[in-house]
*Asks:* 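Following this message is one structure expressed as structure tokens.
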Amino acid sequence: MANYNPQQIEAKWAKAWERKKAWQVDLKKVSAKGRKPYYNLMMFPYPSAEGLHVGNVYAFTGSDIHGRFERMRGNDVFEPMGFDSFGIHSENFAIKMGTHPKAQTAKNIKHFTEQLKQLGALFDWSRAVTTSEPEYYKWTQWLFLQLYKAGLAYKAKAPVDWCPSCKTVLANEQVIDGKCERCSSQVMQKELEQWFFRITKYADKLLKNLEKIDWSERTKIAQRNWIGRSEGAQIEFKIQNSSLKINAFTTRPDTLFGATYMVFAPEHELVEKLKSQIKNWGEVQKYLEEAKQKSELERTELTKEKTGVELKGVRAVNPATKENIPVFIADYVLASYGTGAIMAVPAHDERDLEFATKYKLPITEVVIPWLIDKRNPPVAGKKKVERRNVHAIVRNPKDGKILCLKWKKFNWLTFPMGGVEENEDIVKAARREVEEETGYTNLKLVRVLGGQVCAEYFAAHKDENRVSYTTAVLFDLAGEDRVEVSEEEKERHEALWLEKSQITPQNMTHTETGIWLSRWEGKSGSYLGEGVLINSGKFNGMNSKLAMGEIVKFAKGQKKVNYHLRDWLISRQRYWGPPIPIIYCKKCGTVPVPEKDLPVKLPEVKDFRPTGTGKSPLASVASFMNTKCPKCKGKAERETDVSDTFLDSAWYFFRYPCTEFKNKPFDKARVKKWLPVSMYIGGQEHAVLHLLYTRFITMALKDMGHIAFDEPFKKFRAHGLITKEGAKMSKSKGNVVNPDEYFVKYGADTVRMYLMFLGPFAEGGDWSDKGIVGICRFLSRAFELVTAKTEAKNDLVSLRNKTIKKVTEDLENLRYNTAIASLMEYSNEMKDGGKKDIETLLILLAPFAPYMTEELWSKLGHKDSVHNQPWPKYDVKQVKAERIRFIIQVNGKVRDVMELAADTSEKQATDFALKSRNIRKWVGNSKVKRVVFVPGRLVNIVV
RNA sequence: GCCCGGGUGGCGGAAUGGUUUACGCAGAGGACUUAAAAUCCUUGACCCGAAAGGGUUUGUGGGUUCGACUCCCACCCUGGGCACCA
């Protein structure tokens, strides 16, 4: 018996495939009829010195299986691989090891390539791309120039995030929790002149296009959140005794009547302009100085108490109330968002409340919640839930506390919609009951919130089918006595609530619970939700959502949209990256390097360490820096910063199919045929950085007329993370699994399949050596099945068709774990199977275990490769079994199982069922009320 | 705080509203072997029971349904992302 020897087999076929260039597609050739170009892309790796780890193997295998599947389905699959070799990562490593990044990178790439070749993937090595090669970064620089020409690249002085350890500025996206993404040192704020890409110009398109692309929903959500569109209004506040005005951005214009003060960010330009008017300038200046010195982390520390200084002598006018309100500077307001100034509404914003409490500023409540019974949302046309709930809410004017005392159900028909607010009966009834149950007598009616408000609410939520059903009756305690709530009283009310309302803290909604409990406990808290306006002049009683628009109009404000997204800061004061192709001339100013002079080569220098002065190490290389102005030929200096690594990887997929073009970054016809990418697979960790930048670059290239599409990847799927004992693998933890020893011990096929079998591809899994023997056994058994050469037996028609269907569907949805499971089931029956079954098994298995299936296929005497076989089709009719195990239930409980013909009729099945001893026992003498029959599945006898 | 996931045997994980636990690992029993490894066969949620059989069970509590891991409401736990973004 020939034993399965993966090492030998894999070495043999790897060689043969390379010799035959088995996976190279001719990108120029028009695809044969019926075959479509299929660009199967995976995120290219950063070639680390440690080499490939199982996380890479996982990602690439999952992607490769997809590519192989599409190839067997008759597409021309282009599956390239390359290296993201520029960047801080490589450079930091070289610094630590005392080597040069160039030499180090070359070494790493060599090692990586060797490892990747073992994987058995479809990689077309003739088109590998390395971002640190001049022939690649020449075009990265070209891309910069195009963006510059289009006005999408600009230089500006701005407060930027600076990593003191990496000694460079960072993009907004690379700062995590106030720390550097790379080295975790605390990021500082610095005011520097830097290059930016105007990604914000595309904010709206980046957001809208998400609807039309087929990406994992999680990734889309992450992008949406990052772009952070928020709709609101800009409202102008006049400054008393001044021609100056303050513009404030708010998402809650409905709370304008509650704006009791204003706050500037310390960097706000008006602070300086108002200097003459500010009476306590010394104090203000001191605060400004302090704010400047704080790091980003210190400023955004949530536990930190809010600080600020009033601008004495400066008063703003609330356009709604016409009241004069104080103005502060405080660092809890960010200069970089909105207008850098806010109207503070302490009653409805937690941060404002915290500040107002500390500085004893007035708090005016302008929105109060309504309570909604979500348990039985009434739907028009359904009688049984048509009813109306009345809350009696008692407000204590002394401390503003609200007690929700009553929950009474009325028949909906008694109170026709719309008339409720004026319906005295409700008020009287509520008052009587509240008085009875609380003993409070001096109740003053504040308001009845009824049908109208709720109808508006539902209209605003496009839920017109619902009728209004909640009414709140608000009382003030007019008298002075009995205002304090004792512990016993609280308990009594709580019991009352539970008893009468049938509402428990468990089934209340979040909002209800939060408000109710915080009121009881006397905690101050701001109500952030929607509700009904109070203390808002003529807008009292209006739905807060509807009031937004009305109040903006009233205050002559403007609707405005703001984004969280910032422009992409791409300058890096480092060595290992593409120099930014810009020349500064005293006469001509900023001059882009002419395209014919590209690449601006990165000079080979000995000392490439970051300087920390805010200048790149290149600034000390005179031969690099000093140059001629392309325009006037006079003396000029080069830009010495390099660009962000993310720019390298933002366009690499354009280069892959065009590597042979030396005079252009990509060829129009080639791109037209092969792009956008058919399927992109990569890690979820790039959901916002890389994937947002690639989309931006693609949109920009389209608008500049270079390409005809605006989204780079038709489909994107994120794979999960491979952990070790539940922890993320990292060098610092020392738990990185190197796949090499497993390749040697079990072979690549086994490693591939084991990883895919761990769990759903999108969710990753935990690497342990335990389960790998299961896959090893499976492959050995399959191997022996073929080599044992027993004569053909049965034909597993039904199972074969079922398996083909299952595997095909699972592959389409990247559900590799269940595909493998069904292949195992199929192979477990294979001792009864004939030649056709064995061949089908090999073909279905080929994308997972390319080496072994190829070997066995050739052992079966086939000349052609198993990977060139067409993907098998299944016959729907054959998928169904003839006899089926019917489940027999009595009152929904399984009491028997019977094997019957698949097409057994309801009557037949019921008769069979009732004859069963088991069933008779359960049915007994009871009358059969009803029989539920699901064809081909079950009979449920209800008695 | 906000936004996404997830919670099913000893473990990884399967389950169009229809037998919970497919497939695999570990375990138990057996065969082969002087023996072990490897391999093959059998078994496999929990409780009661000798067995037949019965009861319980998909984080918790409710609801809808003939029937719920699956749908609805609320809660708890947990992994991840974002966060003084007005």
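Note that this is a predicted model, so its numbers are computed, not measured. The chains referred to below are lettered A, B, ... by the order of the sequence lines, with proteins before strands, and numbering in each begins at 1.
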*Asks:* Work out how far the P atom of B/U43 is from that of B/A52, and round it to whole angstrom.
*Replies:*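 Looking at atom P only, B/U43 and B/A52 are 14 Å apart.
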*Asks:* Does the gap between the ring centers of A/F886 and A/F912 come in under 6.0 Å?
*Replies:*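 So the answer is no for these two rings.
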*Asks:* Could you pick out which residue, A/E825 or A/G765, lies toward the 5' side of RNA chain B when each is mapped onto its nearest nucleotide?
*Replies:*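 Its nearest nucleotide being more 5', the pick is A/G765.
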*Asks:* Looking at B/A22, I'd like to know if its phosphate oxygens (OP1 or OP2) sit under 4.0 Å from a side-chain N or O belonging to A/R815.
*Replies:*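 So the side chain of A/R815 is outside the cut-off, no N or O lying under 4.0 Å from OP1 or OP2 of B/A22.
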*Asks:* Across the strands shown, which category fits A/W767 at heavy-atom distances under 4.0 angstrom: base, sugar-phosphate, nothing?
*Replies:*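 No contact.
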*Asks:* Is the shortest side-chain N/O distance from A/R777 to OP1 or OP2 of B/U39 below 4.0 Å?
*Replies:*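 For B/U39, OP1/OP2 do have a side-chain N/O of A/R777 under 4.0 Å.
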*Asks:* Taking the C1' atom of each, how far is B/C2 from B/G27, in whole Å?
*Replies:*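 These two C1' atoms come out 46 Å apart once rounded.
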*Asks:* Using OP1 and OP2 only, check whether a side-chain N or O of A/W226 sits under 4.0 Å from B/C3.
*Replies:*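 A/W226 to B/C3 OP1/OP2: no side-chain N or O under 4.0 Å.
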*Asks:* Checking base pairs now: Watson-Crick or wobble, both atom distances under 3.5 Å. What partners B/C2?
*Replies:*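 Paired with B/G81.
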*Asks:* Is A/N828 touching bases, backbone alone, or none of the nucleic acid, heavy atoms closer than 4.0 Å?
*Replies:*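 Since only primed, P, OP1 and OP2 atoms lie under 4.0 Å of A/N828, the category is sugar-phosphate.
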*Asks:* Taking only the C1' atom of each, what is the distance from B/A22 to B/C3 in whole angstrom?
*Replies:*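 These two C1' atoms come out 34 Å apart once rounded.
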*Asks:* So which nucleotide from B/C4, B/G54, B/C84 ends up closest to the side chain of A/R895?
*Replies:*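 Nucleotide nearest to A/R895's side chain: B/G54.
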*Asks:* Is A/M548 close to A/D254 at the side-chain level, that is, under 4.5 Å between some pair of heavy atoms?
*Replies:*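 Yes. Closest side-chain heavy atoms under 4.5 Å.
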*Asks:* So what does A/I221 touch, heavy atoms closer than 4.0 Å: a base, only the sugar-phosphate, or nothing?
*Replies:*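 Sugar-phosphate contact only - A/I221 comes under 4.0 Å of backbone atoms but never of a base.
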*Asks:* Would you say B/C66 has OP1 or OP2 under 4.0 Å from some side-chain N or O of A/R930?
*Replies:*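 So the side-chain polar atoms of A/R930 do come within 4.0 Å of the phosphate oxygens OP1 or OP2 of B/C66, strictly under.
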*Asks:* Using the P atom in both, what is the distance from B/G81 to B/C69, to the nearest Å?
*Replies:*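 Rounded to whole Å, the distance is 33 Å.
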*Asks:* On a whole-Å scale, what distance lies between the P atoms belonging to B/G54 and B/C66?
*Replies:*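 It comes out at 24 Å once rounded to the nearest Å.
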*Asks:* Where the side chain of A/F757 is concerned, which of B/C23, B/C66, B/G18 is the nearest nucleotide?
*Replies:*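 Of all the options, the side chain of A/F757 is nearest to B/C23.
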*Asks:* With syn defined as a glycosidic angle within 90° of 0 and anti as the rest, where does B/G53 land?
*Replies:*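 Here B/G53 takes the anti form, which means its glycosidic angle is more than 90° from 0.
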*Asks:* Report yes if the distance between the aromatic ring centroids of A/F355 and A/F328 is under 6.0 Å, otherwise no.
*Replies:*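 Between A/F355 and A/F328, the centre distance is under 6.0 Å.
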*Asks:* When rounded to the nearest Å, what value does the distance between C1' atoms of B/G13 and B/G7 take?
*Replies:*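 Between the two C1' atoms, the distance is 13 Å.
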*Asks:* Which of these nucleotides, B/G53, B/G13, B/G18, is closest to any side-chain atom of A/P760?
*Replies:*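 Comparing B/G53, B/G13, B/G18 against the side chain of A/P760, the answer is B/G13.
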*Asks:* Give one of base, sugar-phosphate or nothing for A/V934, where a contact means two heavy atoms less than 4.0 Å apart.
*Replies:*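 Result for A/V934 = base.
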*Asks:* Between B/A14, B/C3, B/C82, which one does the side chain of A/N817 approach most closely?
*Replies:*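 Closest nucleotide among those given: B/A14.
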*Asks:* Taking B/U20 as the reference, what is the distance to B/U70 when you measure between their P atoms (whole Å, please)?
*Replies:*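 The answer is 13 Å between these two P atoms.
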*Asks:* Taking the side chain as every heavy atom from C-beta outward, state whether A/N891 and A/K893 have any atom pair closer than 4.5 Å.
*Replies:*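 Heavy-atom side-chain distance check fails, nothing below 4.5 Å.
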*Asks:* Would you say A/P6 and A/T750 make side-chain contact, with heavy atoms under 4.5 Å?
*Replies:*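 In short, these two side chains do not touch, never coming nearer than 4.5 Å.
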*Asks:* Measuring from the side chain of A/V942 (C-beta onward, heavy atoms only), which nucleotide among B/C66, B/U19, B/C84 has the closest atom?
*Replies:*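 Closest nucleotide to the A/V942 side chain: B/C66.
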*Asks:* Looking for any heavy atom pair under 4.0 Å, which part of the strands does A/S230 touch: base, sugar-phosphate only, or nothing?
*Replies:*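 The residue A/S230 makes sugar-phosphate contact but no base contact.
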*Asks:* Name the pairing partner of B/C75, where a pair is Watson-Crick or G-U wobble with both distances under 3.5 Å, or state none.
*Replies:*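 Result: B/G59.
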*Asks:* So, is A/T818 close to the B/A22 phosphate, meaning a side-chain N or O under 4.0 Å from OP1 or OP2?
*Replies:*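 Checking A/T818 against B/A22: no side-chain N or O falls below 4.0 Å of OP1 or OP2.
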*Asks:* A/L565 versus A/L206: any side-chain heavy-atom pair under 4.5 Å?
*Replies:*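 Touching, per the 4.5 Å side-chain cut-off.
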*Asks:* Base, sugar-phosphate or nothing for A/K921? Non-hydrogen atoms, less than 4.0 Å.
*Replies:*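 Result for A/K921 = sugar-phosphate.
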*Asks:* If you only use heavy atoms from C-beta on, which nucleotide in B/C3, B/A86, B/A22 is closest to the side chain of A/A821?
*Replies:*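 Of the options given, the side chain of A/A821 lies nearest B/A22.
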*Asks:* Is A/R781 close enough to B/C40 that one of its side-chain N or O atoms is under 4.0 Å from OP1 or OP2 there?
*Replies:*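 Yes, A/R781 has a side-chain N/O under 4.0 Å of OP1/OP2 on B/C40.
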*Asks:* Which is true for A/K893 with a 4.0 Å heavy-atom rule: it touches a base, it touches only sugar-phosphate, or it touches nothing?
*Replies:*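 It contacts sugar-phosphate atoms only.
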*Asks:* If I pick the C1' atom on B/C71 and the same atom on B/G18, what distance separates them, to the nearest angstrom?
*Replies:*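 Nearest-Å result for B/G18 against B/C71 at atom C1': 15 Å.
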*Asks:* Which listed nucleotide (B/G12, B/A86, B/G67) is nearest to the side chain of A/N940?
*Replies:*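 Minimum distance to the A/N940 side chain belongs to B/G67.
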*Asks:* Across the strands shown, which category fits A/D352 at heavy-atom distances under 4.0 angstrom: base, sugar-phosphate, nothing?
*Replies:*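 Answer is nothing: A/D352 stays at 4.0 Å or more from every strand.
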*Asks:* Less than 4.5 Å apart, side chain to side chain, heavy atoms only: is that true for A/V561 and A/D204?
*Replies:*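 Not in contact.
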*Asks:* Is A/L938 touching bases, backbone alone, or none of the nucleic acid, heavy atoms closer than 4.0 Å?
*Replies:*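 Answer is base: heavy atoms of A/L938 come under 4.0 Å of a base.
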*Asks:* Please evaluate the base of B/G18 for a donor-acceptor partner in the side chain of A/Q889 within a cut-off of under 3.5 Å?
*Replies:*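 Answer yes: a donor N or O sits under 3.5 Å from an acceptor.
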*Asks:* Tell me which nucleotide among B/A83, B/A86, B/G18 gets nearest to the side chain of A/R937.
*Replies:*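 Between B/A83, B/A86, B/G18, the one nearest the side chain of A/R937 would be B/G18.
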*Asks:* Might you point out which heavy atoms bring A/S216 and A/R717 nearest each other, and give the distance in Å?
*Replies:*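 Smallest heavy-atom distance, with atoms named: OG-CA, 3.5 Å.
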*Asks:* Can you tell which of B/C84, B/G53, B/C66 lies closest to the side chain of A/Y332?
*Replies:*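 Out of B/C84, B/G53, B/C66, the nucleotide with an atom closest to A/Y332's side chain is B/C84.
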